[in-house]
Amino acid sequence: MRKQLCLTAFVTFTLVAGLAVFTSCRPKTASDRETAAKVDGQPIYRDQVERVYRSRQGASPEANSPEEAMSFKLNVLEELINNQILVEHASHAGISVSEAEVDNEVAKLQTPYSAEEFRKRLHDQGLEMEDLRRELRRNIIITKLINKEIVSNIKISDADIADYYERNKANFNVPETAYHLAQIEVTPVADPEVRNLKNDDAKTPAAAERKIQALYARLRAGDDFATVAQEYSEDARTASGGGDMGFIPVSALNSTPPLKQAVQALQVNQYTGIIRSSSGFHIIKLLGIEPAATHTLSEVRVQNAIRQTLKNEREQLLKAAYIETLRNRAKVENHLAEQIVKGQLSPPSAK
């Protein structure tokens, strides 16, 4: 299926950007840690929220007003609450993670850096290696839970595919050469619609540039393009499908000459360098080239493309509904929200 190219806004990266919504501080013996929320009696602390907030602001936290800052922190807390619920449910579902799996994730994070740079970045985040491993483990657990409970149960029938084709027939008429593209996108502004596996969103230009450089380094080190896109791309429409943008007609590239030039220089399965646009940064992979033609439902690749599109749509819907159903069963106390409503935390304190 052909889709129009969308070059949308970009997001921020820190060493533990992929962990941001799971980050927790090392336990303190003192009892002075302020509780931001409780999930089934288990506390989520205010310093955890603050750490994630700071990591997402990157090196340039200048843009937020006090009200915006507190709003971001409420969003961070919501993510922490949801992830705590998911981790608890995963334990009941018997999901486990091996040390080798954690080792592999640590190696991925270390790839763009020297050993000394990596230690410094951990230190800057207030993390020890044991903290990083613990949070990576939680990340893997949640991914496994979603795959087990949601992704593995999605079924697309032949009737579903035929119905989609009939409703979108015009999209399968290719009047001109089209490029089948995938992208990894990073934008320099906060975007609540970002839906990647790591819940990672760059929020400043500096953070966006750091993030795209790190992702490009991972690709050059051999990481799978689709996996990196699923985990970190900030294009909400394509991230879950490995960045797949569908077929883009050559005329649609005319408005972005640098992109057109870069794409036309690629061989199939090659990817571009980092492309800067008015909305942020992109890395584009050429998956195939489609000559002008009218494609029918009898073509296997048409069926496969429709199946993947429908699967992606259902996965996003089911994940959102699944988290809500689990949350309905949990006892959630959002103390931070209560304090704001009662006026105990005025916006200036959110700085």
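Hydrogens, waters and symmetry mates are skipped; everything else that's a heavy atom, side chains included, is used. Positions are given from 1, in the same order as the sequence printed here. These numbers come from a predicted model, not from an experiment.
- Looking at heavy atoms from C-beta onward, Tyr179 lies in side-chain contact with Gln264 at the 4.5 angstrom threshold.
- Under the 4.0 Å criterion applied to side-chain N and carboxylate O atoms, Glu105 and Lys108 are assigned as salt-bridge partners.
- Within the structure, no pair that satisfies the ring-ring contact (aromatic ring centres under 6.0 Å, His included) test touches residues 199-226, not counting sequence neighbours.
- At a threshold of 4.5 Å between non-hydrogen side-chain atoms, the residues Glu79 and Asn82 do not count as touching.
- Qualifying ring-ring contact (aromatic ring centres under 6.0 Å, His included) partners for His180, counting only residues two or more places apart in sequence or in other chains: Phe247.
- With respect to Glu315 and Lys311, no salt bridge is recorded, no charged nitrogen being found less than 4.0 Å from a carboxylate O.
- Classification of the His89-Tyr322 ring pair by plane angle, with boundaries at 30° and 60°, yields perpendicular.
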Practice item. Any chance you could lay out the salt bridge (charged side-chain N to carboxylate O under 4.0 Å, His left out) test for Glu99 and Arg137, step after step, and finish with the verdict? Key: CA-CA 9 Å; Glu99 290 302 311; Arg137 183 181 298 279; 2.3 Å; yes
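- With salt bridges taken as basic N to acidic carboxylate O contacts below 4.0 Å, one links Glu116 and Arg119.
- Panel note: side chain Asn75, backbone Phe72; no donor-acceptor pair is recorded below 3.5 Å.
- When side chains are defined from C-beta on, Thr238 does not count as touching Asp244, because their heavy atoms never get closer than 4.5 Å.
- Taking the side chain as every heavy atom from C-beta outward, Leu132 and Met129 approach each other to under 4.5 Å.
- Taking 4.0 Å as the cut-off between side-chain N and carboxylate O, Arg51 and Asp131 do not count as a salt-bridged pair.
- Of the possible donor and acceptor atoms, none in the side chain of Gln110 sits under 3.5 Å from a partner among the backbone N and O of Ala115.
- The backbone N or O of Leu253 lies less than 3.5 Å from no partner atom in the side chain of Thr256, so there is not a single donor-acceptor pair.
- A salt bridge links Arg327 with Glu78: the closest approach of a Lys/Arg side-chain nitrogen to an acidic carboxylate oxygen falls below 4.0 angstrom.
- The number of heavy-atom neighbours closer than 6.0 Å to CG of Asn153, taken from other residues, nucleotides and ligands shown, is above 12.
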